Colleague: 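To start, I am sharing the structure in question, which I have written as structure tokens.
Remember, it's a predicted structure, so these values are computed and weren't measured experimentally.
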Amino acid sequence: QVQLVESGGGLVQAGGSLRLSCAASGRTFSRYAMGWFRQAPGKEREFVATISRSGDSTYYADSVKGRFTISRDNAKNTGYLQMNSLKPEDTAIYYCGANPYYSGSTNVRDYNYWGQGTQVTVSS
């Protein structure tokens, strides 16, 4: 079992920045790739970014490429999502997930564990 807890969400104006954290406990964090997904009201959960177990490989959704950066610190059992140049359409609940594939995954079904989510609201 892996327990994940997100933090760092909040209300920010368009063009602003937020840094989300995902703290992991339980099984060794470095055994899992990590991903960030988001879900807006009335929409399905969508992929945002993923990072490999060691952190040497990352992949982003086109909608956030160049604005968001995913990273991890295995020594601290924590993953991060740095979000810059935020837009109103980035408003959603953001979830971190852990999956057993080395390079990460864009598929929500590949994730075994999820956090409870953190709300991000971007005002125009």
Colleague: Measure across Ala24 and Leu4 and return the closest heavy-atom pair with its distance rounded to 0.1 Å.
Modeller: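 Taking Ala24 first and Leu4 second, the nearest heavy atoms are CB-CD2, 3.7 Å.
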Colleague: Are any side-chain N or O atoms of Thr50 and backbone N or O atoms of Ser105, one a donor and one an acceptor, separated by less than 3.5 Å?
Modeller: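 Side chain of Thr50 to backbone of Ser105: a pair is present.
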Colleague: Under the 4.5 Å side-chain heavy-atom rule for ILVMFWY, direct or indirect, which residues accompany Phe68?
Modeller: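 In the cluster with Phe68 are Val12, Leu18, Leu20, Phe29, Met34, Trp36, Val48, Ile51, Tyr60, Val64, Ile70, Leu81, Met83, Leu86, Tyr94, Val120, Val122.
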Colleague: So, does Thr28 use its side chain to make a donor-acceptor pair with the main chain of Ser30 at under 3.5 Å?
Modeller: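 Not a single qualifying donor-acceptor pair exists.
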Colleague: Under the salt bridge (charged side-chain N to carboxylate O under 4.0 Å, His left out) definition, can you give me all pairs with a residue in residues 71-86, not counting sequence neighbours?
Modeller: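 Every pair satisfying salt bridge (charged side-chain N to carboxylate O under 4.0 Å, His left out) with a residue in residues 71-86: there are none.
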Colleague: More than 12 foreign heavy atoms under 6.0 Å from NZ of Lys43: is that the case here?
Modeller: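 Not buried by this count: 12 neighbours or fewer within 6.0 Å.
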Colleague: Counting N and O atoms only, with roles assigned by atom type, does the side chain of Asn74 sit under 3.5 Å from a partner on the main chain of Arg53, one being a donor and the other an acceptor?
Modeller: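 Yes, because the side chain of Asn74 sits within donor-acceptor range (under 3.5 Å) of the backbone of Arg53.
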Colleague: Can you tell me if Arg19 uses its side chain to pair, donor with acceptor, with the backbone of Gln82 under 3.5 Å?
Modeller: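 Not confirmed, Arg19 side chain does not pair with Gln82 backbone.
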Colleague: Specify the closest pair of heavy atoms between Thr78 and Ala23, including all atoms of both residues, with the distance to one decimal.
Modeller: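 Heavy atoms only, the tightest pair is OG1-CA, 4.3 Å.
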Colleague: Scan residues 70-124 for pairs that pass disulfide bond (SG atoms under 2.5 Å apart), counting only residues two or more places apart or in two chains.
Modeller: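 As it turns out, the disulfide bond (SG atoms under 2.5 Å apart) pairs with a partner in residues 70-124, which skip direct neighbours, are Cys22-Cys96.
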Colleague: Where do Ser52 and Ser103 come nearest, in terms of heavy atoms and distance?
Modeller: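 Shortest heavy-atom separation between Ser52 and Ser103 comes out as CB-CA, 3.8 Å.
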Colleague: With salt bridge (charged side-chain N to carboxylate O under 4.0 Å, His left out) as the rule and sequence neighbours excluded, what pairs involving residues 86-114 come up?
Modeller: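 Applying salt bridge (charged side-chain N to carboxylate O under 4.0 Å, His left out) to every pair that reaches into residues 86-114, excluding sequence neighbours, yields Arg38-Asp90, Arg67-Asp90.
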Colleague: Determine whether Glu44 and Glu46 make a side-chain contact, defined as any pair of heavy atoms from C-beta on separated by less than 4.5 Å.
Modeller: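 Side chain of Glu44 against side chain of Glu46, heavy atoms only: no contact under 4.5 Å found.
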Colleague: For Ser124 and Pro88, which heavy atoms make the closest approach, and how far apart are they?
Modeller: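 So the minimum-distance heavy-atom pair works out to CB-CG, 3.8 Å.
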Colleague: I need the full list of ring pair (Phe, Tyr, Trp, His ring centres under 6.0 Å) pairs touching residues 102-124, with sequence neighbours left out, sorted by first then second residue.
Modeller: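 For residues 102-124, and leaving out neighbouring residues, the ring pair (Phe, Tyr, Trp, His ring centres under 6.0 Å) pairs sorted by first residue read Tyr32-Tyr113, Phe37-Tyr111, Phe37-Trp114, Tyr111-Trp114.
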Colleague: Does Ile93 have any side chain to side chain contact (heavy atoms under 4.5 Å, CB included) partners at least two apart in sequence or in another chain, and if so, which?
Modeller: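 For Ile93 the side chain to side chain contact (heavy atoms under 4.5 Å, CB included) partners, ignoring immediate neighbours, are Tyr95, Gln119.
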Colleague: For Ala92, is there any backbone N or O sitting under 3.5 Å from a side-chain donor or acceptor partner on Gln39?
Modeller: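 Side chain of Gln39 to backbone of Ala92: no pair is present.
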